[in-house]
Amino acid sequence: MDTKTPAVSSPEHTSSPDFVRTIVAQDVQAGKNQGRVHTRFPPEPNGYLHIGHAKSISLNFGVAQEFGGLCNLRFDDTNPTKEDVEYVEAIQEDIRWLGFDWQDRLFYASDYFGRLYEFAEELILQGKAYVCDLSPEDMRAYRGTLTEPGRNSPNRERPVEENLDLFRRMKAGEFAEGSRTLRARIDMQSPNISLRDPVIYRILKTPHHRTGTAWCIYPMYDFAHCLSDALEGITHSICTLEFENNHALYDWFLDNLKVPGHPLQIEFARMNLNYVVMSKRKLRQLVEEGYVAGWDDPRMPTLAGLRRRGYTPASIREFCERIGVAKAISIVDISLLEFCVRDDLNKHALRVMGILRPLKVVIDNYPEGTVEEMDAINNPEDPSAGTRRVPFSRVIYIERDDFREDPPPKYFRLAPGREVRLRYAYFIKCVGVVKDPVTGEVVELHCTYDPSTRGGDAPDGRKVKATLHWVSAAHAVDAQVNLYDRLFGVQDPGNEPEGHSFIEYLNPNSLEILSGCKLEPSVLNAPALTHYQFERQGYFCVDAESRPDKLIFNRTAALRDTWARIEEGSKA
RNA sequence: UGAGGGAUCGUCCAAUGGUAGGACACCUGACUCUGGAUCAGGCGAUCGGGGUUCGAAUCCCUGUCCCUCAGCCA
């Protein structure tokens, strides 16, 4: 069902291209880069990808596709103290799952460590970089503040030869971590702090997940990123807003070094979603402190979590297109994401009947021992999905919610004396209610059926106001169903006031585990991640850990529930 | 208070001097063997103040608010 179809804009939202695509189109038009378009998605392998990354992935791969260009996957692995192979594997899996393909263009910034080092020496030779002996504290003091200019490092006028010697010895491991850095010689008075002689190499005696112990000096982001882009022939380097301050530095390195090209950095606003936290630090905290079951907990906004929750790649791509691309900071309403899955699943998910909170119903006048196979439509939105047969017998389960002993106004499901339709089966009328003598709880219903209504219509033309889903008790399969709700109870949990933690805003009811749910037998052997619509309930998918002898389903999203609104409204 | 960005329906995105439009959300109604889906309709915005113009979200002036930057993180 999930295709590798690229995220090409469908006609209905090609109204006007976003500002990034507008720039790219103009460049192509003007013949820049010989009309080539080449982008890249550059994650740091220090965490799992989340829905926010999906926007960037969709933009970078999407733009490349639309302009007949290419998009590389490049791991920005310049800080071995924070990165790990676990993440490089997971990130690739997630991007592939989303439906994007970098073909043979999988790169790492660490692929370029050798060349980056040479670029650094070239800068030294030009007198545009120097080895600085300032301690981290002193460097901060010399840097100045937002309103005061910085002061030159005492080592700023160090001769080229000495810089070269020192830098080579840094590389050789002669100096302690933190004792020296290589800095670009730009302008300590610059009102743009990132231009105040930024560090371009630091000493880190940590083995790297790819280069091992080959290096003990590592390039900083600003230096590595622009040069990696240039080396790969990137034409448009699309990044998020917080790098606007670094734009001048990006250009400075490329302008002062002999590089094969000069990519254009374009900054856009990252995606924010309400009711979730998106920072890697906070997501990690949720995982490490056990507030969720893991990076792929279905309540997590990670791609792994969304996948396990039952979100489809197509729905996430659609979402990324619908939210658009701009420079204004935005917080997208999570209801749009939910709309996108429902919209996709409505078209593609097979319908099935499943009872979440079973109430036993005995059909008194239905012959004992008889089983009928009822024809049921697999997907009314897609005739090619065909039909299946669902067993019907004398004892069935219906949803507890579908019966009220004392029905409120506008409630038109089952109640004493009332007639309703069983989907694809018969009309039944409630003739008796059995209660627990102690608690008074309704434990069983007795009904009669009208044999002439088989298939769901009465020959005399009488109508019923409700159609209920049901499952034959003798044929039902048991399952655990996990009902998920938003992880946080407030719109902006990540923006906690002083002295508070986002942990305080966790929704205590974000997971409700239902056991003893009764499902129609057709779901028994469905593989993990199979999507279903449980009719009248919502979209569910087979959990990764589900087994035939222990079925587990996750609720992806509930169906729109008009009755719940009516009832809610009448309470108010 | 330095520098760089940004302000349009509740939310997100359009309109680049010519009727402020779409989507989500919300509310009505129609239809329905899913109170789903679908269909029709409704609600609803240009940050403030000046100016230019026949005409301004758009251009000019001015003010306000918000975001980012003082890692040897990315």
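What you are looking at is a predicted structure, and each value in this text was computed from that prediction instead of being measured. A, B, ... follow the sequence lines: proteins, then strands. Residue 1 opens every chain. No hydrogens, no waters, no symmetry mates; every other heavy atom, side chains included, goes into these values.
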message = If I pick the P atom on B/rG51 and the same atom on B/rU58, what distance separates them, to the nearest angstrom?
response = 14 Å
ask   = Base, sugar-phosphate alone, or nothing: which one does A/Thr181 contact when heavy atoms must sit under 4.0 Å apart?
value = base
inquiry  = Quiz question: going by heavy-atom distance under 3.5 Å, is there a donor-acceptor pair between the base of B/rG5 and the side chain of A/Glu242?
reply    = no
inquiry  = Can you tell me which nucleotide in B/rA14, B/rG36, B/rC67 comes closest to the side chain of A/Leu559?
reply    = B/rG36
message = Which is it for B/rG71, anti or syn, if anything within 90° of zero counts as syn?
response = syn
query = B/rA74 base stacked by A/Tyr221? Criteria: ring centres under 5.5 Å, plane angle under 30°.
reply = no
ask   = Could you give the CE-to-C1' distance, from A/Met353 to B/rG36, as a whole number of Å?
value = 15 Å
key: G-U wobble or Watson-Crick pairing nucleotide for B/rU64 (cut-off 3.5 Å, both distances)   = B/rA7
ask   = A/Leu422 has an atom CG; how far is it from atom C1' of B/rU34, in whole Å?
value = 13 Å
message = Let's see if you can work this out: which of B/rC72, B/rU34, B/rC27 has an atom nearest to the side-chain heavy atoms of A/Arg565?
response = B/rC27
inquiry  = Is there, by distance only and without an angle test, a donor paired with an acceptor across the side chain of A/Glu381 and the base of B/rU38 below 3.5 Å?
reply    = no
task = Verify whether the ring centers belonging to A/Tyr311 and A/Phe319 lie closer than 6.0 Å.
result = no
query = Of the nucleotides B/rA74, B/rC13, B/rG71, which has the atom closest to the A/Arg202 side chain?
reply = B/rA74
Separation of the P atoms in B/rC27 and B/rA37, to the nearest angstrom = 13 Å
